[in-house]
**Q** 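Okay, handing you the structure first.
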Amino acid sequence: MKKRVKILFISVLILLGSIGYLCFHLYTKPASQIVTSGADIHVTSENMVSSFALDEGEANSIYLERTVEVEGVVKEITFKNERYTIFLQGQNDFSSVICDIHPSRVEGIKDLKQGERVILKGVCKGYLMDVIMLNCVLLN
C-alpha cells in the first residue's frame, strides 16, 4: 500500500512539473520572437502605470500577456542574479514599469544612463504596485 502511494505521489509530481514546464515555454515568448514580432501596444510608462493604478482589471484586459512597446525615462538600472532590470519612471516616484531584460539582449544596457528616454519591448505580466514586463529588449 505504501509503495502505491509513493508511486502515485511521484507520478503526480512529474505530471505537475511537466505541465508547469510546458506552460512556461508556451506562454513565454523568447527574445527572438519579441524582436521580430510587432508590438501589440505602444504606450508610455507613465500611461501604462496610470492605467493599472486606476483600474487593474481593465488594464489587465489591455496589457496582460501581450507584447508591449513602452517608452519611458530610465529611473534605475540594476544587475542582480545575472539579470539586468530597467525601471522606467511611472506616474510618480513610487511607481514604475519594471523591465527584466532577456539575457541574450543586454547589449547597450550598460551604456544607458539614469534620466535617459528609452523604448523597450517585452511581455506584460501584471501589476504589483509596479508594472512587470519580462523578456524585454532595448529598441533604441
**Q** Within the 4.5 Å heavy-atom criterion, are Asp40 and Val68 side-chain neighbours or not?
**A** no
**Q** Testing the basics here: between Met133 and Val70, what is the closest heavy-atom pair and its distance to 0.1 Å?
**A** SD-CG1, 3.9 Å
**Q** Please enumerate all residues that pass side-chain hydrogen bond (donor to acceptor under 3.5 Å, both in side chains) together with Gln89, with sequence neighbours excluded.
**A** none
**Q** Any non-hydrogen side-chain atom of Leu120 less than 4.5 Å from a side-chain atom of Ile101?
**A** yes
**Q** Please name all residues satisfying side chain to side chain contact (heavy atoms under 4.5 Å, CB included) with Ser96, sequence neighbours left out, ordered by chain then number.
**A**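 Lys75, Phe87, Ile98, Asp130.
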**Q** Within the structure provided, determine whether Leu88 and Cys99 are in side-chain contact (heavy-atom separation under 4.5 Å).
**A** yes
**Q** Indicate yes or no: at least one non-hydrogen side-chain atom of Val131 is less than 4.5 angstrom from one of Cys124.
**A**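 With C-beta onward as the side chain, the pair touches.
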**Q** Write out all pairs satisfying salt bridge (charged side-chain N to carboxylate O under 4.0 Å, His left out) with one or both partners inside residues 76-94, taking only residues at least two apart or from two chains.
**A**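 Counting only pairs at least two positions apart or across chains, the salt bridge (charged side-chain N to carboxylate O under 4.0 Å, His left out) contacts touching residues 76-94 are Arg83-Asp100.
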**Q** Do Arg66 side-chain atoms and Ile62 backbone N/O form a donor-acceptor pair below 3.5 Å?
**A**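 It does hold such a pair.
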**Q** Going by salt bridge (Lys or Arg N to Asp or Glu O under 4.0 Å), name the residues that satisfy it together with Glu71, two or more places apart in sequence or in a different chain.
**A**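 Once residues adjacent in sequence are excluded, the partners of Glu71 under the salt bridge (Lys or Arg N to Asp or Glu O under 4.0 Å) criterion are Arg117.
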**Q** Tell me, do Tyr84 and Lys110 make a side-chain contact under 4.5 Å, heavy atoms counted?
**A**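 In short, these two side chains touch, coming nearer than 4.5 Å.
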**Q** Can you list the residues that meet the side chain to side chain contact (heavy atoms under 4.5 Å, CB included) rule with Leu64, with sequence neighbours excluded?
**A**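 Leu64 satisfies side chain to side chain contact (heavy atoms under 4.5 Å, CB included) with Asn60 only.
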**Q** Looking at every heavy atom in both Val73 and Ser45, which two are closest together, and how far apart are they?
**A** N-OG, 4.3 Å
**Q** Tell me if a side-chain donor or acceptor on Asn135 pairs with a main-chain N or O of His102 at a distance below 3.5 Å.
**A** no
**Q** Can you see which heavy atom on Arg105 is nearest to which on Ile109, and at what distance?
**A**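 Taking every non-hydrogen atom into account, O-CG1, 4.2 Å.
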**Q** Can you tell me how far CD1 of Ile119 sits from SG of Cys136, rounded to the nearest 0.5 angstrom?
**A**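 The distance works out to 13.5 Å.
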**Q** So, for His42 and Ala39, which heavy atoms are closest and what is the spacing to 0.1 Å?
**A**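 Looking at all heavy atoms of both residues, the shortest contact is CE1-CB, 3.9 Å.
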**Q** Taking only residues at least two apart or on different chains, which pairs with a member in residues 43-66 satisfy ring pair (Phe, Tyr, Trp, His ring centres under 6.0 Å)?
**A**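 Matches after skipping sequence neighbours: Phe52-Tyr63, Phe52-Tyr127.
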**Q** Tell me, do Glu69 and Ile41 make a side-chain contact under 4.5 Å, heavy atoms counted?
**A**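 They are not in side-chain contact.
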**Q** Is it possible for you to say whether Val97 and Phe79 belong to one hydrophobic cluster, with membership spreading through side-chain heavy-atom contacts below 4.5 Å?
**A** yes
**Q** Taking all non-hydrogen atoms of both residues, which atom of Ile77 and which atom of Val74 are closest, and how far apart?
**A** CG1-CG1, 3.7 Å
**Q** Please list, chain by chain and in numerical order, all residues satisfying side chain to side chain contact (heavy atoms under 4.5 Å, CB included) with Asn81, sequence neighbours excluded.
**A**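 With neighbours one apart ignored, the set is empty.
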**Q** Considering residues at least two apart in sequence or located in another chain, which fulfil the side-chain hydrogen bond (donor to acceptor under 3.5 Å, both in side chains) criterion with Asp55?
**A** none
**Q** With sequence neighbours left out, what residues match Gln91 under side chain to side chain contact (heavy atoms under 4.5 Å, CB included)?
**A** Val49, Ser50, Ala53, Ser95
